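Since this is a predicted model, take the numbers as computed values, not measurements. Only this structure's heavy atoms are used, side chains among them; waters, hydrogens and symmetry mates stay out.
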Amino acid sequence: MSGCWHAQTTCKTRRCLAEMLIKRGYLSQPQNDNCTHVIDVPFMEYQTLSVDTKNLLLISQIRANLMWRDTELSWDQSVYPFDTVVIPVDKIWTPEIHVTNGISTNMKHSSRDVLLHWNGTVMHSVIIKAEVNCEVNLFNYPFAGDECPVAIQTWSKSGCGTEMNFNYLQIIDGSNGDWRTDYVSLEQQENRDDRNYIKVGLSVKYLNPFITLMLPSILLVLADVVSSALPLGGGERNCFKVTLVLSFTMFLVILNDVLPGDSSCSPIIRTHFCICLVFLVFSMLVSMILTGLANNGSLIFCCRSKKDSRQGNTGSKEEKEDEETKADISVIKLNASEGESEMLKKLVDFMEDLNAKTAESESFQKIAEKADKIFFWFYLIFGIAYFIVMFCVMIFHTCVVDHFDFWY
């Protein structure tokens, strides 16, 4: 049929060759006896556009060079003495590539034309943009790192369709935002030819999240520890600790949209912030209790010291004696010597009571200062140990995530 067409035409230019191939109208997939066509991918470029840690999405772009054979698009070089010709991409069949684990995949042709060789070999390139649902292991955030698969496949069903043969993969522009693409490689799951994927190694550039997230929590806890240098008896220390608690609470509210989202390996930094808040609140409560102990000997607000009850009893007794004295005055009038003796006795009682109160207050003050020193060293040692353990867990602990649950 094509030979008859060649005999009838007199146009031998490359453009006439292209028009001849277009008129054939082969828009269906090349099919042989086994109903499967092989697509060669000699070269691919992978680029990580961004990593959405809030929604656990990997946004990537892949540029792939494709090559396949369609013998029905070949021509006789004795009639058309050309090795190659350019024809529009929408006039012939082209393979469609999609990302299996992608929430959305957009494949577009990098050019409006394809390059066709005389033996029917077609060369073309496509650009694929995909949002991959990758449950990145964020347990160690901001020291997190993980491997995310980008599964590349073509349509195939019941022994018909296309298969892909990959050759070379290259990474470009491996640094984007707070994440860095360390490496990429072509892999197959369980040695199955129909399950090809790009293994993308990701890691967090920890400097920026460490400065904005970890460092403020460390400095606030350190300031809370050093606040023990403020006087215990006054209200400066308590006011300072309340300010620290409120500041840290506002800090967490502001960073709520910045912190990474939850996954099967939830970021331990959330637990770290909760523990730091517990530290600050517990230190504030201890400071308030010790302040009450230093002032009036009470450990909690509802408990009063025995001295307060004794003072109440003494006051009622003195009031009763004053009433009796007034009653006596209304009956008899004391002479001058008896009045001076009574005033002297009251003065001595007052001085003894004042000395007892001063001694008891100094005793409470010493007990509170001793308890404050014990709590300071406990807080300091426990805080240092906690931060060491937390950093070791963040850096060295491994949380396993199944990234291939989309294949079943």
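When atom types are taken as modelled, the side chain of Asp40 and the backbone of Pro42 share no donor-acceptor pair closer than 3.5 angstrom. In this structure a side-chain-to-backbone donor-acceptor pair under 3.5 Å is present from Asn101 to Pro149. When atom types are taken as modelled, the side chain of Gln29 and the backbone of Gly161 share a donor-acceptor pair closer than 3.5 angstrom. Side-chain atoms of Arg63 do not come within 3.5 Å of backbone N or O of Val126 as any donor-acceptor pair. Not one N or O on the side chain of Ser287 forms a donor-acceptor pair closer than 3.5 Å with the backbone of Met284. Judged purely by atom type and a 3.5 angstrom limit, Asn55 has no side-chain atom pairing as donor or acceptor with the backbone of Leu57. Side-chain N or O atoms of Thr105 include none that pairs as donor or acceptor with a backbone N or O of Gly102 at under 3.5 Å. A donor-acceptor distance shorter than 3.5 angstrom exists from the side chain of Thr212 to the backbone of Asn208, with no hydrogens or angles considered. When atom types are taken as modelled, the side chain of His37 and the backbone of Arg69 share a donor-acceptor pair closer than 3.5 angstrom. With hydrogens and angles disregarded, a donor-acceptor distance shorter than 3.5 Å links the side chain of Asn140 to the backbone of His397.
Remark: Tyr141 OH to Ser266 OG distance equals 13.0 Å, nearest 0.5 Å. In this structure, the separation between OG on Ser228 and CG on Asp372 is 5.5 Å, given to the nearest 0.5 Å. The line from CD1 of Ile22 to OH of Tyr26 is 14.0 Å long, rounded to the nearest 0.5 Å. Residue Met44 holds its CE atom at 8.0 Å from CD1 of Ile128, rounded to the nearest 0.5 Å. Here Ser50 contributes atom OG and Leu58 contributes atom CG; the two are 8.0 Å apart, rounded to the nearest 0.5 Å. Atom CD of residue Glu135 and atom CG of residue Asn133 lie 7.5 Å apart, to the nearest 0.5 angstrom.
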- Criterion side chain to side chain contact (heavy atoms under 4.5 Å, CB included) on Asn165 and Val38, from CA distance to verdict: CA-CA 7 Å; Asn165 289 333; Val38 177; 3.2 Å; yes
- Task: Report the C-alpha separation of Tyr379 and Phe375 in whole Å, then their side-chain angles, then the decisive distance to 0.1 Å, and conclude whether the ring-ring contact (aromatic ring centres under 6.0 Å, His included) test is met.
- Result: CA-CA 6 Å; Tyr379 192 13; Phe375 177 74; 5.5 Å; yes
- Message: Quick one, Arg24 with Asp70, criterion salt bridge (Lys or Arg N to Asp or Glu O under 4.0 Å). Give me CA distance, side-chain angles, the key distance, then yes/no.
- Response: CA-CA 12 Å; Arg24 293 184 182 180; Asp70 189 349; over 6 Å; no
- Item | Evaluation steps, side chain to side chain contact (heavy atoms under 4.5 Å, CB included), between Ile152 and Ile97 | CA-CA 7 Å; Ile152 299 179; Ile97 302 175; 3.4 Å; yes
- Task: Check step by step if side chain to side chain contact (heavy atoms under 4.5 Å, CB included) holds for Asp224 and Lys241.
- Result: CA-CA 7 Å; Asp224 189 44; Lys241 288 181 177 291; 2.8 Å; yes
- Run the side chain to side chain contact (heavy atoms under 4.5 Å, CB included) check on Leu66 and Met123 step by step: do they pass? CA-CA 6 Å; Leu66 307 179; Met123 301 184 67; over 6 Å; no
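Under a cut-off of 6.0 angstrom, the local environment of CD in Gln31 is crowded, with over 12 non-hydrogen atoms contributed by other residues, nucleotides or ligands. Annotation: Trp407, atom CH2; neighbour count of heavy atoms from other residues, nucleotides and ligands within 6.0 Å is above 12. When the shell of 6.0 Å around CZ of Arg14 is examined, it contains more than 12 heavy atoms from other residues, nucleotides or ligands. Atom CZ of Phe282 has 12 or fewer heavy atoms from other residues, nucleotides or ligands within 6.0 Å. Within a 6.0 Å sphere centred on CZ of Phe279, other residues, nucleotides and ligands contribute more than 12 heavy atoms. Heavy-atom contacts from other residues, nucleotides or ligands closer than 6.0 Å to CZ of Phe382 number 12 or fewer. Other residues, nucleotides and ligands contribute over 12 non-hydrogen atoms within 6.0 Å of the NZ atom of Lys205.
In this structure, a donor-acceptor pair under 3.5 Å is absent between the side chains of Tyr168 and Glu45. For the residue pair Asn238 and Thr291, a side-chain donor N or O sits within less than 3.5 Å of a side-chain acceptor on the partner. Under the 3.5 Å distance criterion, with hydrogens and angles disregarded, no donor-acceptor pair is assigned to the side chains of His403 and Tyr197. Thr94 and Glu96 share no donor-acceptor pair across their side chains, judged by distance under 3.5 Å alone.
A 4.5 Å side-chain heavy-atom check between Gln47 and Gln61 finds at least one atom pair inside the cut-off. The closest side-chain heavy-atom distance from Thr36 to Thr162 is not below 4.5 Å. Put simply, the side chain of Val393 reaches to within 4.5 Å of the side chain of Phe139, judged on heavy atoms. Contact annotation: the side chain of Leu21 approaches that of Val85 to within less than 4.5 Å [non-hydrogen atoms, C-beta and beyond]. With a 4.5 Å cut-off on side-chain heavy atoms, Met164 and Trp68 do not count as touching. A heavy-atom distance below 4.5 Å is not found between the side chains of Asn167 and Val41. Using a 4.5 Å cut-off on side-chain heavy atoms (C-beta onward), Leu56 and Cys134 make no contact. Taking the side chain as every heavy atom from C-beta outward, Phe376 and Ser283 never approach each other to under 4.5 Å.
Shown here for Trp75 and Leu116, the closest heavy-atom pair between the two residues is CH2-O, 3.5 Å. Between Pro216 and Ile211, the shortest heavy-atom contact is CD-O, 3.2 Å. Heavy-atom minimum distance, Val132 versus Ser60: CG2-OG, 4.4 Å. Closest non-hydrogen pair, Ile92 versus Leu27, comes out as N-CD2, 3.8 Å. Listed here is the closest heavy atom pair of Gly120 and Ser74: N-CB, 3.8 Å. Across all their heavy atoms, His98 and Trp155 have their closest contact at CE1-N, 4.1 Å.
Ion pair Lys91/Asp113 not flagged as a salt bridge, since none of the NZ, NE, NH1 or NH2 atoms sits closer than 4.0 Å to an Asp/Glu carboxylate oxygen.
Relative orientation of the Tyr386 and His272 rings is parallel, given thresholds of 30° and 60° on the angle between their planes. The aromatic rings of Phe248 and Phe273 sit perpendicular to each other, their planes meeting at more than 60°, with 30° as the lower class boundary.
Each of Thr48, Asp182, Asn137 was evaluated against Leu202; a single residue qualifies, Thr48, per the side chain to side chain contact (heavy atoms under 4.5 Å, CB included) test.
Remark: Pro81 engages no residue in a side chain to side chain contact (heavy atoms under 4.5 Å, CB included) (not counting sequence neighbours).
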